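Counting starts at 1 for both ligands and their atoms, in listed order. Owing to the predicted nature of the structure, the values given are computational and were not obtained by experimental measurement. Numbering starts at 1 and runs along the sequence shown.
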Amino acid sequence: MTMSTVVLDSVTKVYPGGHLAVDRMNLRAEEGELLVLLGPSGCGKSTLLRMIAGLEEITSGDLYLDGRIANDLAPRDRDVAMVFQNGALYPHRSVRGNLSFPLEIAKADPNMIRERVIELSRALHIDETLDRRPGTLSGGQRQRVAMGRAIVRQPSLFLMDEPLSNLDAGMRTELRMEISSLVRALGVTTIYVTHDQVEALTLADRIAIMNRGILQDVGTPGQIYNDPATAFVAAFLSSQQLNLLSAMVRTPQNQYISLDFGLHQITMPWTDPRAYAVSQHTGSQIIVGIRPDGLTPIPEGVDGPHFTGRVRALEYHGHEWLAYLEVGIPAVPAPEPGPATVNGYANGNGHAAGGPASKVRAVMRRLMSGAEEQVAEEAPPVGSGHHRRADLVVRLGSRPVWRAGEHGRVAVDLSRLMLFTQQGNRIDPPRR
Ligand code: ADP
């Protein structure tokens, strides 16, 4: 079987009417790799997949399949198989008939067809259903047949567009594991589209994460989770709310670096590997991201980088407790998953234009778009004491060490701080 590499060189899609769905995408899928395209609904994932399949015209840029330019290649000449959310099956053919059909069309040897169908149906755990019609199968079984039918011809490239999103949670987990072992056993290059970060993290060799048509980051699941290139990626991959805080960078007498959160300061020594990069932002606001498990409750009096505040609420999540700590730091709301509209952000709390909310929205617009524009500082709000303050979300583990209303103190693990420009790009660019 031949395997395929896929290279996208500045691939762009503008739909008729002028909607920019994919913006100068550069990406490479290696031979035999399972590459997951991840991003909120509407970010352009399907459009990209359909351009690779040849179902959608590429507006500009180049697509290479196996090193050969493929922009104008007919879909049937691309040796690509595709599975959609609702894999359509031939209702009047048995499962066996559905699986063998692509090989019959290709005039394959009947003995080979029989063997291949049995082998594949075993791998997909549908060998018991070979004589049934699709109408009598469960949703999960039907989707297995759809996958089998797509892959039975042994294409050099397998494209999957949210194949699990119509299944219930249990079935989704089961099929996810099977897709993983199936495509790895076949060694076929696979590009898999999903909006579900758990699916992406569990399935992928590498993840390419998009927002508003723009590639945000690409790397192994561990790389993009632990070392995300943008604030959008950090927030999108957090299972709990990511703490995003606004800080001013100061370097008093060049002694050390201070991240000044207003009521709180965190000191970063010059020995920190990020110190030089951060010091370049002296006198500017940056965005600091901390996952709830990067904060640890500590007793009063313990030194080191910390925040303190009133415990506003505790939340039980079964496997862990979360605490909301009022620390009095201006909030930077997390990027909302979904197509970005200014009104779609989390902080629609009705401030007048030009006030803090609109300033935060300006930050978020830049976070969401990934654009490197410079936005002028807005005048300080007049007569407004309504700054939204962030509650720090703190992971407490299995024991609620605090009670609501108490004073809480959390140690900050400096190495877990993620530092972003106001545009949401990492100050210390991750290595890939
Ligand atoms: P995703 O797969 O990430 O949910 P899509 O690729 O389906 O996103 O869509 C990306 C954007 O392009 C969306 O804003 C969508 O509304 C728009 N879009 C998709 N298909 C068309 C089309 N045929 N004509 C015009 N706009 C489209």
Side-chain angles (χ1 to χ4, degrees), residues 6 8-27 29 34-63 70-71 75 78 80-88 143 146-147 150 157-167 172 176 179 190-201 203-204 206-218 221 224 228-230 232-233 235-237 334-345 364-365 367-371 424:
V6 180
L8 304 170
D9 180 6
S10 201
V11 166
T12 296
K13 177 67 185 186
V14 181
Y15 278 111
H19 183 81
L20 176 62
V22 174
D23 189 2
R24 287 162 295 172
M25 186 83 174
N26 294 309
L27 190 62
L34 204 178
L35 180 69
V36 172
L37 281 179
L38 174 67
S41 175
C43 74
K45 307 178 295 294
S46 295
T47 301
L48 192 61
L49 206 68
R50 292 167 57 81
M51 287 193 286
I52 296 169
L55 303 174
E56 203 70 69
E57 202 179 318
I58 295 171
T59 309
S60 68
D62 289 318
L63 166 71
N71 290 39
R78 296 188 185 206
V80 165
M82 193 154 172
V83 173
F84 301 93
Q85 214 171 91
N86 287 311
Q143 201 59 343
M147 281 193 298
L157 180 61
F158 195 18
L159 304 177
M160 305 177 94
D161 193 352
E162 309 244 10
L164 306 183
S165 59
N166 279 353
L167 305 177
R172 223 161 29 221
R176 189 171 78 204
I179 289 175
T190 301
I191 302 181
Y192 183 107
V193 161
T194 182
H195 64 272
D196 179 330
Q197 79 271 31
V198 175
E199 218 167 282
L201 290 170
L203 262 180
R206 286 188 312 147
I207 298 173
I209 175 164
M210 297 173 70
N211 189 36
R212 300 179 88 190
I214 295 171
L215 181 66
Q216 297 276 313
D217 201 357
V218 51
I224 68 162
T230 68
F232 174 82
V233 175
F236 196 75
L237 289 177
E336 285 265 303
T341 59
V342 172
N343 295 328
Y345 299 141
M364 289 315 304
R365 256 195 311 274
L367 275 182
M368 299 296 289
S369 69

For ligand 1, which atoms have a heavy atom of [X] less than 4.0 angstrom away?
| X | answer |
| --- | --- |
| Tyr15 | 12 (O), 17 (C), 18 (N), 19 (C), 20 (N), 21 (C), 22 (C), 23 (N), 24 (N), 25 (C), 26 (N), 27 (C) |
| Thr47 | 5 (P), 6 (O), 9 (O), 10 (C) |
| His19 | 11 (C), 12 (O), 13 (C), 14 (O), 17 (C) |
| Ala21 | 11 (C), 12 (O) |
| Ser46 | 1 (P), 2 (O), 6 (O), 7 (O) |

With a 4.5 Å heavy-atom cut-off, do [X] and [Y] have their side chains touching?
| X | Y | answer |
| --- | --- | --- |
| Thr12 | Val22 | no |
| Leu38 | Leu237 | yes |
| Arg50 | Lys13 | no |
| Glu199 | Val36 | no |
| Leu63 | Val6 | yes |

Gap separating the NE2 atom of His195 from the SG atom of Cys43, nearest 0.5 angstrom: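 Rounded to the nearest 0.5 Å, the NE2-SG separation comes out at 11.0 Å.
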Pairwise distance CZ(Arg176) to OG1(Thr194) - rounded to 0.5 angstrom: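 Output value for this atom pair is 9.5 Å.
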Ligand 1 versus Lys45: contacting region, heavy-atom distance under 4.0 Å: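 Near ligand 1, Lys45 shows its backbone as well as its side chain.
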Ligand 1 contacted by Pro40 (non-hydrogen, < 4.0 Å): yes
Close approach, Gly39 and ligand 1, non-hydrogen under 4.0 angstrom: no
Test of proximity, Cys43 against ligand 1: N or O pairs below 3.5 Å: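 Between Cys43 and ligand 1 (N or O atoms, distance only) the closest approach is under 3.5 Å.
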Backbone or side-chain N or O of Gly42 under 3.5 Å from ligand 1 N or O: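 Yes; at least one N/O pair falls below 3.5 Å.
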